[in-house]
Every structure is written in C-alpha cells, then in structure tokens.
**Q** 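One structure follows; several queries about it will come next.
We use all heavy atoms of the structure for the numbers below, so side chains are in, but hydrogens, waters and symmetry mates are not. Position 1 is the first residue of the sequence, and the numbers go up from there.
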Amino acid sequence: MSLSRRLVLAAPLSLAAPRLARAATPLRFVPQADLAVLDPVWTSAYVTRNHALMVFDTLYGMDAEYRIRPQMVAGDSVEADGLTWRLTLREGLRFHDGAPVLARDCVASIRRWGARDGLGQSLLAATASLEAADDRSIVFRLKEKFPLLRYALGKPGSPVCVIMPERLAQTDPFQQVREMVGSGPFRFLAEERLAGARVAYARNEAYQPRQEPPSFTAGGKRASIERIEWQVLPDPATAASALRAGEVDWWEAPTFDQLPLLARDRQIRVAVMERTGFIGCMRLNHRQPPFDNPAVRRAILPALAQSDFMQASAGDAPDSWHGGVGFFCPGTPMASDAGMAALTGPRDLAAAKRALAEAGYTGQRIVVLAPTDLPTLKALADVAADLLQRIGFNVDYQALDWGSTLSRINRPEPVEQGGWSVFCTFWSGLDQLDPAVNASIRANGQGRGWPQSPALEALRDQWMRSGEEAEQKTLAAEMQRQAFEDLPYLPLGQLMARTAYRGSRLSDPQPGFPTFWGIETR
C-alpha cells in the first residue's frame with residue numbers, strides 16, 4: 001500500500017522473517033511506523049497489512065514465485081463453464097476466541113474487503129451471488145468469467161482479504177474494526193498496546209498450519225516464537241543505536257543516511273528488501289478544487305523531475321533508486337514507454353507555469369500533507385511542496401504524523417474544513433505489477449478524493465477479461481497513455497530499500513515482508 005522505516009500506502013513490502021536464535025526470547029522488531037490503524041480493510045498502510053497477516057489468515061496465499069496457492073481452503077472446484085466456483089475450507093480452523101471458522105464468516109469478510117479493494121470490487125461486480133452453502137463451502141456464482149478469482153483472494157498487496165468473524169466483518173467497510181479476533185498464527189495482545197511505543201503478539205498455540213513448507217504468504221505458517229514485540233522508534237538515530245546496542249533485533253526499514261554506519265558494524269547485516277522496489281506516488285485530491293480540473297493536474301508534468309524526489313529520499317547511493325518510472329513496475333511484463341515523454345523529456349518550469357495559468361487556476365489554497373515520523377515520505381512531501389510552489393500554487397504545508405495522515409486522507413471535506421489536496425507515499429512494486437493490483441490507477445471515484453475516469457476503467461475492464469499476455473501488454477500501454485491524460489497520480493520514481501538486522505541473532509532474510517512464521521530456532 002507504505003522506507004524511512006517503511007514505505008506506506010502504502011504499501012509495502014519488507015522481508016520475510018529471519019529465524020530467531022532462541023525461541024524463548026521475544027523477537028524485538030522496529031516496524032516502519034506506529035500501528036495507528038488496526039483494521040486492514042479500512043486502510044491500505046503496509047504496517048497495518050503486516051499486523052493483519054500475523055493475526056488473521058487468508059483463503060489463499062502467494063508463494064515466493066508469485067504463484068497463488070490454497071491457504072485456508074482445502075481446495076476448490078470450478079463448474080458451469082467457469083461461472084460457479086466452490087471453495088472448501090480446511091478442517092480445524094478456529095478463531096482466537098475458540099469459535100470455529102465457518103463459511104459465513106468468509107462470505108462476510110469477502111464482501112467487506114471487496115467494498116474497498118480495487119480487485120475485490122471487480123470480483124464482486126462479476127458475482128451474481130456469494131453464499132455459504134454449508135459450514136465449510138463458499139460458493140461464487142458469477143455473471144461472467146473471472147479468471148483472477150484466486151488471485152484476488154490471495155494477493156498480498158493492501159488491502160488483503162483477511163478472514164474475521166462474521167460479527168466483525170459486518171462492520172461498515174468505511175468504519176474501523178477495532179477488535180482483533182483472527183485465526184492466524186499470532187494473537188494480538190490488545191492490553192499491551194501502547195500507542196506510539198509498543199505492540200505485542202503471542203503465538204497462537206491452537207493454530208494448525210498447512211502440512212507443507214512455508215513460502216511467502218503460502219504454505220505452512222509454523223510459528224516457533226512465543227512472543228513478538230514491535231518497538232516503535234520514530235527517530236532513525238535512536239533506532240540505529242538500539243540495533244547496534246542489541247536492544248532490538250531487526251529494523252524493518254532503516255533510513256538511507258543510517259545505512260553506511262550500520263553496514264560497518266560486523267554484528268549487523270544489511271539486505272535489499274524487495275527486488276521490485278518501491279514506487280513513489282504523488283496523490284492529488286480529484287474531488288476538490290483545484291485538482292478536480294485535469295488540466296491543472298497535467299500542468300505539474302513539465303516541471304516534475306523524478307530524480308529530485310528520489311535523491312531527496314535516498315541520496316546518491318549506488319543502485320538506491322531509478323527514474324523513468326511509469327504506471328507499472330519497471331522490469332515487469334506490463335511496463336512500457338507509452339507516454340513516458342511526459343516525464344523523461346526536458347524539464348521546463350516556465351512551461352508548467354504557462355500550463356497552470358491556461359488551466360484557469362485562480363490561487364486556491366492547496367494543503368500538502370507531510371508525515372514527519374517517516375523521513376522518506378517527508379522528503380517526498382518537501383520536494384512536492386517546493387515544486388508546486390515554484391509552479392505557482394498557493395501551498396499550505398502541514399506537518400503531521402503518518403497515523404494522522406491516514407485519517408486525514410479519508411476525510412471528504414474541503415481544505416477550509418480540514419481536508420487535503422496532496423500527499424506522497426510509496427507502494428511496493430508488487431502492488432503495481434499490473435492493472436489488477438495497481439489500486440492507485442483505479443479510477444472509479446471510490447473513496448475520498450480518488451479519481452474518476454471512464455476511459456481508464458474501460459481499459460482496465462478489457463485487461464481483466466483478457467487471457468492473452470500480448471493483448472494485456474497492448475492494453476496496459478493504452479492505459480498508461482490514458483493515465484498521463486487523467487493523472488490518477490504522478491509516478492515519482494523507484495526506490496530500492498534495505499533492511500537491517502543483527503546477524504548474530506537472526507539468519508539471512510528472504511524476499512517478501514515480515515510474516516514471522518516459518519522461523520526455525522538454531
């Protein structure tokens with residue numbers, strides 16, 4: 001969904017959990033940010049997603065090769081020429097309160113998640129009926145074929161389709177669920193939560209993992225650590241000192257300025273978090289002036305230099321960032337150079353100023369949100385505010401923490417009543433692989449301030465129905481050209497993040513994000 005402690009918004013991803021040296025010792029983990037929001041449907045923040053995958057389970061998972069595999073389901077069958085799907089739950093699934101996991105819990109959870117997730121919305125739109133045929137059988141009857149059904153229910157990108165009890169899943173999708181009762185390998189210790197300081201989890205002794213090796217979010221989730229403590233350390237220097245002193249075991253997303261110091265410590269290992277990196281995004285509020293006008297949005301393009309944003313976030317460290325990034329993750333099948341001249345041609349501030357004047361901008365105040373507890377995101381906000389001011393916007397720079405930012409962007413009010421105009425974040429490259437999972441390119445007008453583009457939605461629908469990769473590539477290129485016209489967001493470049501951990505206590509991590517299962521004791 002988000003790197004100075006982690007990319008948010010979204011989203012993100014960090015690393016699969018290393019093995020703890022002693023199972024009896026709590027794993028002391030410094031997360032990307034404070035766990036301000038518990039509900040993984042209400043927000044797309046990666047810190048919440050990581051929390052949710054400890055507490056909750058999913059019907060399907062994704063393995064290290066990006067293949068979807070059964071997780072809570074024992075198996076599935078497809079009938080009626082692809083229009084009827086029957087999913088059968090594994091036996092022995094129980095929630096943390098002891099209640100059995102039933103099909104009706106899953107149906108309610110799918111419906112709530114599907115109201116907020118882009119791919120989930122498409123799945124529900126293609127569904128004629130979704131019901132619990134019995135306690136273990138979930139039945140989709142579709143209006144049209146939906147070959148991505150397993151992918152939708154098992155993707156690790158935010159929001160994740162986690163399964164919660166029906167009584168919680170019946171909560172309005174736009175209201176937060178605050179009681180954390182899941183069926184996953186760890187229990188959330190609500191009584192030990194200290195906002196801004198600590199989050200704690202205990203191993204779920206009743207959890208029954210699949211009888212196969214763990215792989216990313218698929219396979220057997222065997223938890224061997226009795227207790228995990230997330231220690232929130234907003235100051236990067238403090239987090240670095242704690243890691244070097246052995247007061248914490250793993251810092252999920254060190255700031256780039258701390259990496260050279262950490263790399264010199266023989267007790268600490270530094271590794272790349274995710275080979276697809278993290279894509280910077282500038283979100284504009286399409287529901288409020290002046291960014292409800294596409295011409296005003298496009299006026300930013302001539303002056304936007306991705307290198308400015310990436311250097312502010314990562315500096316000049318070799319291989320720490322890449323420019324020339326469009327609307328799909330570089331180096332993946334759907335990436336192309338379609339329309340990229342808008343970002344890769346010569347930068348021209350004067351042209352941006354002229355375009356803004358011709359668009360009819362009349363000096364409306366725009367609020368730029370800057371999360372101060374996430375230095376990498378603050379760096380993006382600082383560059384964005386400076387750029388917009390130089391183009392000619394009336395910028396109101398507002399500093400706040402990331403949790404407050406997440407709450408703020410869900411507000412529909414205009415800036416005069418506490419609304420927002422601009423915020424910047426990072427998404428994992430895994431969340432921008434294709435039109436199915438790139439929630440940022442979704443343009444159906446859902447949410448607070450999100451874009452609306454019938455042309456983009458029509459192209460996305462065609463891509464979703466296509467089963468041929470060549471056709472999908474053509475459609476993705478057309479989507480990118482259209483996106484440069486509508487600008488659902490502005491791509492800011494690709495950051496290659498690192499993680500740091502004490503090698504004397506933890507084994508080498510594997511690509512992914514913190515799952516904290518499959519951890520073997522030495």
Side-chain angles (χ1 to χ4, degrees), residues 1-3 5-14 31-56 58 62 109-110 112-123 152-162 164 171-177 217 253 274 276 278-286 327 329 369 371 374 376-377 380 401-411 420 423-451 488-489 513-514:
M1 300 329 198
S2 90
L3 294 140
R5 314 185 24 74
R6 181 64 177 212
L7 304 175
V8 221
L9 205 156
L13 307 182
S14 170
Q32 57 185 267
D34 183 29
L35 183 63
V37 179
L38 298 176
D39 186 350
V41 171
W42 191 83
T43 181
S44 56
Y46 289 157
V47 66
T48 302
R49 184 276 316 278
N50 294 349
H51 147 81
L53 287 177
M54 295 178 68
V55 176
F56 300 97
T58 56
M62 178 180 282
S109 297
I110 293 169
R112 184 170 188 269
W113 158 81
R116 296 295 299 263
D117 179 74
L119 186 52
Q121 290 168 358
S122 296
L123 171 58
L153 299 179
K155 68 179 181 66
S158 301
V160 176
C161 184
V162 299
M164 57 184 64
T171 303
D172 186 322
F174 293 91
Q175 299 294 323
Q176 293 188 52
V177 169
T217 64
E274 173 52 50
T276 59
F278 294 82
I279 311 300
C281 303
M282 184 194 301
R283 272 291 202 181
L284 309 174
N285 191 333
H286 288 232
F327 289 90
C329 182
L369 304 180
L374 294 169
T376 306
L377 297 191
L380 295 184
D401 60 69
W402 178 243
S404 299
T405 301
L406 292 176
S407 297
R408 187 77 168 269
I409 62 178
N410 278 285
R411 298 187 61 172
W420 63 280
F423 81 95
C424 298
T425 190
F426 282 96
W427 285 98
S428 165
L430 286 174
D431 286 332
Q432 296 196 352
L433 290 178
D434 54 50
V437 297
N438 187 347
S440 298
I441 207 170
R442 194 74 203 269
N444 60 357
Q446 298 294 318
R448 309 300 190 190
W450 265 216
Y489 65 94
F513 53 79

**Q** Under a 3.5 Å distance rule, please check whether N50 uses its side chain to pair with a backbone N or O of P514 as donor and acceptor.
**A**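 Judged by distance alone, no pair lies under 3.5 Å.
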**Q** Evaluate the side-chain proximity of T58 to C161: yes if any heavy-atom separation is below 4.5 Å, no if none is.
**A** no
**Q** The criterion is side chain to side chain donor-acceptor pair (under 3.5 Å); which residues satisfy it with R283, sequence neighbours excluded?
**A** none
**Q** To the nearest 0.5 Å, how far apart are CG in L377 and CG in L369?
**A** 11.5 Å
**Q** Nearest 0.5 Å, please: how far is CZ in F426 from CG in L380?
**A** 4.0 Å
**Q** Is there a side-chain contact between V55 and V162, using heavy atoms and a 4.5 Å cut-off?
**A**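 Heavy-atom side-chain distance check fails, nothing below 4.5 Å.
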**Q** Using side-chain contact (heavy atoms from CB on, under 4.5 Å), reason through R408 and R411 one step at a time and then give a plain yes or no.
**A** CA-CA 5 Å; R408 187 77 168 269; R411 298 187 61 172; 4.3 Å; yes
**Q** Could you list the residues that satisfy side chain to side chain donor-acceptor pair (under 3.5 Å) with T276, not counting sequence neighbours?
**A**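 Once residues adjacent in sequence are excluded, the partners of T276 under the side chain to side chain donor-acceptor pair (under 3.5 Å) criterion are E274.
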**Q** Measure the CD-CG distance between Q176 and L38 for me, rounded to the nearest 0.5 Å.
**A**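 These two atoms lie 7.5 Å from each other.
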**Q** Do you know the tightest heavy-atom contact between P40 and P159?
**A** O-CB, 3.5 Å
**Q** Indicate the atoms forming the closest heavy-atom contact of A115 with Q121, along with that distance.
**A** O-NE2, 3.3 Å
**Q** Hey, is the main chain of S158 close enough, under 3.5 Å, to the side chain of R49 for a donor-acceptor pair?
**A** no
**Q** Got a second to check how far L406's CG is from W42's CH2, nearest 0.5 Å?
**A**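 One gets 7.0 Å once the value is rounded to the nearest 0.5 Å.
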**Q** Taking only residues two or more places apart in sequence, or in another chain, which ones meet A36 in a side chain to side chain contact (heavy atoms under 4.5 Å, CB included)?
**A**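 In terms of side chain to side chain contact (heavy atoms under 4.5 Å, CB included), with neighbours along the sequence ignored, A36 is linked to no residue.
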**Q** For residues L119 and A152, report the shortest heavy-atom separation together with the two atoms involved.
**A**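 Reported closest heavy-atom pair: CD2-CA, 3.5 Å.
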**Q** Name all residues meeting the side chain to side chain donor-acceptor pair (under 3.5 Å) criterion together with S404; count only those two or more places apart in sequence or in a different chain, and write none if there are none.
**A**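 Partners of S404 under the side chain to side chain donor-acceptor pair (under 3.5 Å) test: D401.
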**Q** Tell me every residue that passes ring pair (Phe, Tyr, Trp, His ring centres under 6.0 Å) with F56, counting only those two or more places apart in sequence or in another chain.
**A**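 Applying ring pair (Phe, Tyr, Trp, His ring centres under 6.0 Å) to F56 gives none.
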**Q** Distance check, rounded to the nearest 0.5 Å: K155 atom NZ versus D431 atom CG?
**A** 7.0 Å
**Q** Quick test of your reading of the model: are R112 and D39 salt-bridged, counting only N-O distances below 4.0 Å?
**A**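 Yes.
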**Q** Using every non-hydrogen atom in the two residues, find where D434 and A436 come nearest and quote the distance to one decimal.
**A** OD1-N, 2.9 Å
**Q** Between Y489 and N438, what is the shortest heavy-atom contact and its length?
**A** OH-ND2, 3.3 Å
**Q** Is there side-chain contact between P31 and H51, with at least one heavy-atom pair below 4.5 Å?
**A** no
**Q** Check L374 against A33 and note the closest heavy-atom contact, atom names and distance.
**A** CD2-CB, 3.8 Å
**Q** With a 4.5 Å limit on heavy-atom distance, are the side chains of L153 and W113 in contact?
**A**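 Yes; the side chains approach each other to less than 4.5 Å.
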**Q** Which word best sums up how the rings of F423 and W450 line up, parallel for under 30°, tilted for 30 to 60°, or perpendicular for over 60°?
**A**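 Judged by the thresholds at 30° and 60°, the geometry between F423 and W450 is parallel.
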**Q** To the nearest 0.5 Å, tell me how far I409 CD1 sits from S44 OG.
**A** 6.5 Å
**Q** Partners of H286 by ring pair (Phe, Tyr, Trp, His ring centres under 6.0 Å), sequence neighbours excluded?
**A** none
